[in-house]
Amino acid sequence: MDVNKQKSISEILFVTGIGTEVGKTVCSAILTKYFNADYWKPVQSGDLEFSDSMKIISWTNENTICYPETYRLKLAASPHQSAKEEGIEIDLNKFKIPQTQKNLIIEGAGGLMVPLNDNELMIDLIEKLNVPVALVVKNYLGCINHTLLSIMVLNQRKIKLKYLILNGNFPQDTERIIVKNIHPKTTIIRIPYLKEIIKQQIETATKELEKI
């Protein structure tokens, strides 16, 4: 991965995944460290006692600024359901990209088609913010299908897939099919499997990116 040129340019990325539990927050932490970026989680559903913003601070350093979530929801569920439980409706017009002089990593909730309300999805938020995407992929049975569908809908919406993040180990045949279906200008980032999600492991993975 050659992202050295990117480090001197203002970088805003929306980190999404092919589904839930694919390692978006871990990958966001690594990207936050690599790009010396600030971090923003627009919607946090559940885990308020140890939110994704808190994890980023724990895994990176005290200099990382995590901007407040636009919505902090108690129920660990799809944002539209969590919001309904609290008697509110998520409004896309309330999302504003934080103003920062640094790079910015934005982390979504779940995948592209996660509903924010009865009419709008996570991909609608990405489209509104008008920023490129880093798509996190994890190897499991069905990941090829989920990855190609995610790439397809990004292409349909004309949203730039800037980085494809292969999180963990992949069989050669799986990786070949996935890579075959991305734009030639999409940069592939390979993040090794982490035995423990702790600050030291995040630092090691970040240094590995710098060697590539």
Side-chain angles (χ1 to χ4, degrees), residues 1-9 11-37 39 41 52 55-56 59-60 103 105-114 121-123 126 131-212:
M1 178 191 69
D2 182 10
V3 295
N4 291 325
K5 294 181 180 178
Q6 305 291 347
K7 295 180 74 173
S8 62
I9 303 172
E11 182 87 81
I12 301 179
L13 290 173
F14 195 106
V15 178
T16 187
I18 61 171
T20 190
E21 300 299 327
V22 295
K24 291 190 306 298
T25 305
V26 170
C27 292
S28 293
I30 293 170
L31 293 178
T32 296
K33 282 188 66 68
Y34 184 84
F35 288 112
N36 187 29
Y39 172 89
K41 178 86 173 185
D52 290 343
K55 291 172 185 173
I56 294 295
W59 294 339
T60 56
N103 299 316
I105 300 300
I106 306 170
E107 183 186 349
L112 293 166
M113 307 305 284
V114 165
L121 309 168
M122 188 63 63
I123 194 169
I126 298 172
V131 293
V133 160
L135 180 66
V136 178
V137 181
K138 184 177 181 179
N139 179 53
Y140 57 83
L141 185 62
C143 74
I144 295 176
N145 180 56
H146 294 161
T147 302
L148 299 193
L149 286 172
S150 296
I151 293 170
M152 181 184 298
V153 72
L154 287 171
N155 289 339
Q156 288 174 346
R157 294 291 192 99
K158 295 182 171 53
I159 296 172
K160 182 178 181 180
L161 176 58
K162 191 164 187 178
Y163 299 107
L164 180 78
I165 303 177
L166 299 176
N167 184 28
N169 302 321
F170 282 78
Q172 184 177 4
D173 289 339
T174 298
E175 182 173 330
R176 185 182 71 255
I177 295 299
I178 290 173
V179 171
K180 182 181 178 181
N181 283 275
I182 62 174
H183 192 281
K185 291 187 178 180
T186 297
T187 299
I188 299 171
I189 298 176
R190 291 177 174 85
I191 292 179
Y193 169 73
L194 303 182
K195 293 182 180 179
E196 289 184 276
I197 311 302
I198 56 177
K199 186 174 182 178
Q200 184 178 358
Q201 291 291 318
I202 297 294
E203 289 177 354
T204 300
T206 304
K207 291 176 181 177
E208 288 299 316
L209 293 190
E210 294 175 347
K211 292 180 181 179
I212 299 175

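All of these numbers come straight from a predicted model, not from anything done at the bench.
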S.K.: By side chain to side chain contact (heavy atoms under 4.5 Å, CB included), which residues pair with N181, not counting sequence neighbours?
M.R.: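 Counting only residues at least two positions away or on another chain, N181 forms a side chain to side chain contact (heavy atoms under 4.5 Å, CB included) with L148, I177.
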S.K.: So, for A134 and L31, which heavy atoms are closest and what is the spacing to 0.1 Å?
M.R.: CB-CD1, 4.5 Å
S.K.: Taking the side chain as every heavy atom from C-beta outward, state whether V131 and L13 have any pair of such atoms under 4.5 Å apart.
M.R.: no
S.K.: Side chains of V137 and F170, heavy atoms from C-beta outward: is any pair under 4.5 Å?
M.R.: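 Yes. Closest side-chain heavy atoms under 4.5 Å.
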S.K.: Rounded to the nearest 0.5 Å, what separates atom OG in S150 from atom CG in L161?
M.R.: 9.5 Å
S.K.: Distance from H183 atom NE2 to N155 atom CG, nearest 0.5 Å?
M.R.: 8.5 Å
S.K.: With sequence neighbours left out, write down each residue that passes side chain to side chain contact (heavy atoms under 4.5 Å, CB included) with M152, or none if nothing qualifies.
M.R.: Q156
S.K.: K199 and T60: which non-hydrogen atoms are nearest, and at how many Å?
M.R.: CE-O, 2.7 Å
S.K.: If you round to the nearest 0.5 Å, how far is CG of L149 from CD1 of I144?
M.R.: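 Here the interatomic distance stands at 11.5 Å.
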S.K.: Filter on side chain to side chain donor-acceptor pair (under 3.5 Å), then keep only pairs touching residues 139-148, sequence neighbours left out; what's left?
M.R.: Y140-H146
S.K.: Please report the closest heavy-atom contact between I30 and A205, naming both atoms and the distance.
M.R.: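 Result for this residue pair: CD1-CB, 3.6 Å.
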S.K.: Look up atom CG in L209 and atom CD1 in I191, then write down how far apart they are to the nearest 0.5 Å.
M.R.: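 Spacing of CG (L209) from CD1 (I191) equals 5.5 Å.
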S.K.: Is there a side-chain contact between I188 and I182 in this structure, where contact means two heavy atoms from C-beta onward sitting under 4.5 Å apart?
M.R.: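 Yes; the side chains approach each other to less than 4.5 Å.
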S.K.: If the condition is salt bridge (Lys or Arg N to Asp or Glu O under 4.0 Å), which residues does K33 pass it with, not counting sequence neighbours?
M.R.: none
S.K.: Would the distance check show the side chain of K160 and the main-chain N or O of V133 forming a donor-acceptor pair, the cut-off being under 3.5 Å?
M.R.: no
S.K.: With the threshold set at 4.0 Å, does a side-chain nitrogen-carboxylate oxygen contact exist between E107 and K55?
M.R.: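 No.
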S.K.: Could you grab the distance from atom CG of D52 to atom CH2 of W59, nearest 0.5 Å is fine?
M.R.: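 Nearest 0.5 Å value for the CG-CH2 distance: 7.5 Å.
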S.K.: With sequence neighbours excluded, what pairs up with K24 under the salt bridge (Lys or Arg N to Asp or Glu O under 4.0 Å) test?
M.R.: none
S.K.: Could you work out, with side chain to side chain contact (heavy atoms under 4.5 Å, CB included) as the rule, every residue matching Q201, not counting sequence neighbours?
M.R.: L194, E196, I198
S.K.: Can you tell me if T16 uses its side chain to pair, donor with acceptor, with the backbone of G108 under 3.5 Å?
M.R.: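 No; zero donor-acceptor contacts below 3.5 Å.
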S.K.: Working to the nearest 0.5 angstrom, can you tell me the gap between I151 CD1 and I159 CD1?
M.R.: 13.5 Å
S.K.: Sub-3.5 Å donor-acceptor pair from the side chain of N167 to the main-chain atoms of V22, do we have one?
M.R.: yes
S.K.: side-chain contact (heavy atoms from CB on, under 4.5 Å) between L121 and L112: does it pass, once the steps are laid out?
M.R.: CA-CA 7 Å; L121 309 168; L112 293 166; over 6 Å; no
